[in-house]
Structures are given as C-alpha cells and as structure tokens.
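What follows is a short report on a single structure.
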Amino acid sequence: MSQLNPRQREAVKYLDGPLLVLAGAGSGKTSVITRKIAHLIEYAGFPGRHIAAVTFTNKAAREMKERVGRLVDRRAARGLIVATFHNLGLTILREEHDAVGYHPGFSIFDAEDARALLRDLLAQHAPDTGLEVGDLQMTLSNWKNAMLLPDQALSRARDAREERFAVIYQHYADYLKAYNALDFDDLILLPVLLFRNNTEILEKWQRRIRYLLVDEYQDTNLSQYEMVRLLVGHRQCLTVVGDDDQSIYAWRGARPENLAQLKEDFPGLKIVKLEQNYRSMRRILSTANALIANNPHVFEKALWSELGVGDPIRILRTRNEEAEAERIASEILDHKLKSHAEFRDFAVLYRGNHQARLLEIKLQAYQIPYRISGGTSFFAKNEIKDAMAYLRLLTNPDDDTAFLRVVNVPRREIGPRTLEQLTGYARQRGLSLTRALNEMGADAHIQARSLEKLRRFADFLNRTCERLEREDTLPVIRQMFTDIEYQEWLQQNASSTKQAQRQMDNVWYLLDSLEQMNRNEDDEGEQTLEDAVSRLVLRDIMERQEEEDDSDKVQLMTLHASKGLEFPHVFVMGLEEELLPHRSSIEQDSIEEERRLMYVGITRAQRTLTLTYAAQRKQYGDVIETIPSRFIDEMPDDHVKHEGIGKADKETNQRRGKATLSALLDDLS
DNA sequence: TAATGTAGAGTTTTT
DNA sequence: CTCTACATTA
C-alpha cells in the first residue's frame, strides 16, 4: 500500500460498490488491479477462487498473474482466475457444454478456419455476387458481438447484401454446430446466452465469481459488457479500469461508450481518476494532452508527471519514405551511442504493417538487430496448422475442417474426387466425415481403391484414439507424428533440409508446450487433452517463448500492437494525411479514433519521442506529394522541434494540399 | 499435382 | 508497384 499514491490507494481499498478507475496512460493501472486482488485476498476475506480478473490479451493476463504471484501467498491465491474474456468463456463452456448443446472436446475455429468455411458458404449461397469473405466475416463477427442471432440479423437486414450475409450466418452456425465447433466470438456469446436463459447456471457462476475486475474496459464490446453485467449481478462487486482516450478498437466492435454506460447501469458507481503518470517526461505528456484535447470527452482528465521536462519532441521531415526509414536507422545508432542506450530501448511504431518493410531493409543495412511483432504468427505456419488439425481431430472427430486439412497430409492418395464423394455421402446422412467413414458400406459409390485408402486413414485415427484412452497422451502423439512420417513429408516439400528440420522442430516444440501445460496445471488436477488443445488455439503458451526472447533488439510494431507497452525512446513514422490519420478513417469520419491512436503512440515514450514523415511517397506505383498529418498541427509549438528538409513549419503545413514548385525546389536543395 | 499466369486489391486485428 | 489468391495449363 505504501508504494501507492493516494488515488491508487483509494481505488484499491474501495469495496463498497462498483468502481470505475479512469486510468490515464502510464498511471499504474496494472498495479492497482494486482494490488486490489492482493487486498481482496489478504484483507477483505475473499478467497482467491472467488475472484476473477479479466483482460483482453494473454500477455496482459500473464503479466498480471505474475505480479499477483509476487504479492500473495500461493495457497491463498489458489483458484484465482486471471484470464482473457475468451479464456474465461472457454472455462465456462467446458463446464456447461451440455447446456449449450455441445459435446466435450469441441473444437475452436480460429479466424482462418472460420474464413475457409465462410468462403465455401459464400461460393455456395451467393456465387457471382462479388461479395467478399473478409467483409462477410467481419459482418458476422459484429453481429455476434452485438448478440444478434441469425434470424434477428435477417429481419434487421437493411439491404440485399446484409440479407445474403444473414442467410449465410444461419448456415455457418449450423455447420459449426455440426462440427461440434465454435469460433472466437462464440466463446463470449454462448456463455452470455446461457446465462440469460438459465438462472440456475448463472447463479452458480455468480457464486463462483464473487468479485470481478476488468482491465482495458474501453475495449469491451456489447457481448463482453453483457457477460460482465450478468456475472456481477446485483452484488455490484466490480472494479473496472479503463481509459477512453486509448480506445482504438472501435472497428472491431469495442464500445468506449461502455465506460459512460456504467454510470447508468450501476447507479452507485464510484469513479476514481488516476492522473499521475510514472512513465513519460513532461514534454511528452503535454504534447499528448494537447493532442487529445481535440477530442470530445465525457470524463475530463489531465495527466501530469514528476519526471523532468525532457527533450523537445522532434519532428523530422525527409525527402521520401526511403530517406525516412534510413533516417530512423541512423538516428537509432546515433542516439544509442550518445545516451548509452540498448537497442531494446528503442521502438519504431507505424500505422500499417507494410511500413515495416523498408525499415527492415535499412536496419539490416545498418546492422541494427530488430524484432517485428505481429508478423506471421507461430500458428500461421503450415506445419503448426497441420499439427493442430491432427490434435483437433483426435479430440473432436466431428471437426470436418481439421479432417479435410490432414486427410491427405502426408500424402495418402486421397484426392479431391474421393473427398467430394465422401462429403456427399456424409451430408446426405447428416454425419461428420469421420463418422461417415466409420459406418460407410458399399452403398457409398466410391471406387474400391479409394475406399481402401479412406479405410486405412479411418483405422489409423481409431487406433490412435484408442491408444490415447489407455496410454499417456504425449508419447502417443509424438509416436503418431513419427508413424505418419511427417518429417519425411516436410522434407519433400521444403526447399532445404534445414527448413524441414526447422519445421519439424516447430511441431516438437508445440508438443512440448502441450506437455508443459499439462504439468503446470497439476495443482488444479489433471488437465485433459481437449482442454489443453483448446487453450493452445487461444494462443496462450506459444507467445511466452517469443517474449522470453528478450535479446537486445529494436522493437518494430504497429501503433495498435504498442498499446500497453513502454519504451525509453520511441519513433512514430509516417505522420502524413491519408496514412496517419489513415485515408479510410478520414473517409469514414473516424478521425477521433485515429487521434487516440496517435495518443497511444506518443504516450508509449518515456524519455524521447521522434516523429517522422516523408515529403514524397510512392503509392501504387507513382510518386505523390504528401501532406503533413493534421496531428502535427495539434501539438504545441513550445514542445516540438522541426527538423529535416524543407522546414515543415506551420507555414508549410498551412499550405497543405498545395505543393508549390518553390516548395519542391526547396526540398531538392 | 505442380507450375505458371493473371486479376485485383492495397488499415488496424487483443482472441 | 507488389503481393496474394485463384485459375488455367503442362
């Protein structure tokens, strides 16, 4: 407690009702949550198993768990839930699968699996309409997050496009159900629907979770909000922490209004503001404050800091995007020498992933080590998707998507023709592919030779499943990958032996993680393979490895990915109209969210902040004159210093849009 | 089944 | 321009 400031202490101690903590960037909100958990356990008499803290990312959950672990006795904390919304939803569904009509061992489709299914459905039900899967997927996700069921979506459809989507939505739901599978959104939606319809189960979970804490509350969508509301019930034992200025996921259904909504849904709501920032120098904060003041606010807050004034914010203008990338690279080297910093102290933030490409080239040229986060994830790798599909198929035989992925991997000479016949047969009888395969007779109109191959695959699956029941799971699974000669198959397809070896290592690594998960959960009793596999789909453990790799590297990431992180020296690149703010945001009139994004970027910086933009940029082939971002104008003059070619001072900015010949000549000189 | 050609798009994406 | 996804061809 003594390490907290008065406001933080107030937030930790307040237990008389629902509490909203408005926590500005860098104001120690994680400390407040972790210490509140400790306080609840040690002083307020809440056993750990009756407390749940919910976050949005695995990373945040992990960090929180770790910090609580340092504050609280392990035994007292037993049963404490610190999880993402999705993981909490999964925990609920594992226990209540019967009530929502699912079998144990249900699969979770990741975004790619869901997309593949939707692609099929789109081709089936709306061919040649020019509609796109991405659009469809996002629409369905938004509907689910808004808790609209297929029939409701259909009756509310405003045009032909939405009508078609709603029809596909229904089919999609049917298919998932038939596959005994759910998607990410279902992990929240299904528990909410269950709680609404089944008081008994709701009360059971309310008894289980007697105090609820929610992090990053501004990012909750409607279904998540509903989950919170239902779990809390009338007891009002709730603490939420959030910052409306850091809401940058509205496009994904997040509703920053949920913060204001709280006041109405919980009349006794107490509000505590955390305004002291422990992260950034004053100039950085003043700049951030000035920028965000351009947005309307429901809750006013002003961040302040006791750290020094700091250096002015530097705004660098370069000739083009190549010069921009190069300048950042050389600035980092330069800066590193002057301030004795490590590479890991630097972060370069940008709006879109493609902006990293040039930067990579330049960093390599300067021999600067870097790490890009948010690139191709471990789970996007083909060998991992194969392995996951095998695991899913073993835990859920009805998972047709997994079946189709691995039925011919490695090659079993089961081609599209055979599969088409099998699928037809299965559909006619309302069976999943595995079940169809197991009970198929001569009536299936499949060539004897193909049938033989299918049978062999079915036998293989059945034998493996049987062994899993009797023996230790992991040895059986490892053996299976050896038996199917997966490594040889990788070898055949890889461009080099080394690549194949790396891929195989990835698979072994995945299995090691699985084993580790089993061991870690020991004190909670045996974890089933089903459980472990679904936790894997929710990513969790694999990210850990990546994190532990804390070698000395410059961090490259999107502004979105930077939320929650901090770095001594931050670069934000591409401060140009149409890029930051992004063109589509200008068109959709969502400048405010872009401004928050900029705000998030600025407030990542502890000591120095450098903003860059290019005077010219290649776009779809041709070179265009850029216009400096309006956000530059919104930063106070007395804290920023303009550098680089063509003096991008206020005058130039005011000529925005009118690139004159003289300005061009200026630049060239 | 692999290899090559071509059209079309081109933000962010916690799970 | 450049990458990806799909289609057609060998």
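Note on naming: letters A, B, ... go to the chains in the order of the sequence lines (proteins, then strands), and numbering restarts at 1 for each one.
- Protein atom CG of Leu93(A) is 18 Å distant from nucleotide atom P of dT15(B), rounded to whole Å.
- Between Glu452(A) and Arg456(A) a salt bridge is recorded (basic side-chain N to carboxylate O distance below 4.0 Å).
- Distance CD (Glu112(A)) to C1' (dT15(B)): 14 Å, rounded to an integer number of Å.
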Anything under 3.5 Å between a protein N or O and an N or O of nucleotides 5-12 of chain B, put it in a table, one pair a line.
residue: dT11(B); atom: O4'; partner: His582(A); partner atom: NE2; Å: 3.2
residue: dT11(B); atom: O2; partner: Arg351(A); partner atom: NH1; Å: 3.1
residue: dT11(B); atom: O2; partner: Arg351(A); partner atom: NH2; Å: 2.5
residue: dT11(B); atom: N3; partner: Ser584(A); partner atom: OG; Å: 3.0
residue: dT11(B); atom: O4; partner: Ser584(A); partner atom: OG; Å: 3.1
residue: dT11(B); atom: O4; partner: Gln588(A); partner atom: NE2; Å: 3.4
residue: dT12(B); atom: OP1; partner: Asn353(A); partner atom: N; Å: 2.9
residue: dT12(B); atom: O4'; partner: Arg351(A); partner atom: NH2; Å: 3.2
residue: dT12(B); atom: O2; partner: Trp251(A); partner atom: NE1; Å: 3.2
residue: dT12(B); atom: O2; partner: Arg351(A); partner atom: NH2; Å: 2.4

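- For the pair Leu182(A) CG and dT15(B) P, the interatomic distance rounds to 17 Å; values are reported in whole Å.
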* **Stepwise side chain to side chain contact (heavy atoms under 4.5 Å, CB included) check, Glu322(A) with Leu358(A)** => CA-CA 7 Å; Glu322(A) 202 178 331; Leu358(A) 251 181; 4.2 Å; yes
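- Residue contacts for Asp185(A): at a heavy-atom cut-off of 4.0 Å it reaches no nucleic acid atom on any strand shown.
- Rounded to whole Å, atom P of dT15(B) lies 14 Å from atom CG of Leu536(A).
- Distance, Asn87(A) CG to dT14(B) C1': 12 Å, rounded to whole Å.
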* Asked: Reading DNA chain C 5' to 3', what string of ( ), [ ], | and . shows its pairs, if Watson-Crick and G-U wobble pairs count only when both distances fall under 3.5 Å?
  -> ||||||||||
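- Counting non-hydrogen atoms under 4.0 angstrom, Arg596(A) reaches nothing in the nucleic acid.
- Tyr179(A) is listed as a side-chain neighbour of Phe109(A), based on a closest heavy-atom distance under 4.5 Å.
- With both ends at atom P, the span from dT13(B) to dT4(C) equals 16 Å, rounded to whole Å.
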* Asked: Which is it for Arg630(A) and Glu634(A) under the salt bridge (Lys or Arg N to Asp or Glu O under 4.0 Å) test, yes or no, and what are the steps along the way?
  -> CA-CA 7 Å; Arg630(A) 69 191 72 187; Glu634(A) 295 174 3; 6.0 Å; no
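- Residue contacts shown for Asp215(A) are absent, as no nucleic acid heavy atom lies under 4.0 Å away.
- In this structure, Asp186(A) contributes its side chain and Leu189(A) its backbone to no donor-acceptor pair below 3.5 Å.
- By the side chain to side chain contact (heavy atoms under 4.5 Å, CB included) test, Arg412(A) pairs with Tyr390(A), Asn408(A), Pro410(A), Ile414(A), Phe457(A), Phe460(A), Ile484(A), sequence neighbours left out.
- One interatomic measurement links the two molecules: CZ of Arg119(A) to P of dA5(C), which rounds to 8 Å at whole-angstrom precision.
- Look at CD on Gln246(A): it is 17 Å from P on dT14(B), rounded to the nearest Å.
- In this structure, CG of Asp219(A) is placed 12 Å from P of dT14(B), rounded to the nearest angstrom.
- Using atom P as the reference point in both dT12(B) and dC1(C), the two lie 22 Å apart (nearest Å).
- For Arg94(A) and Phe106(A), the positive end sits near the middle of the six-membered ring, less than 6.0 Å away and at most 45° from its axis.
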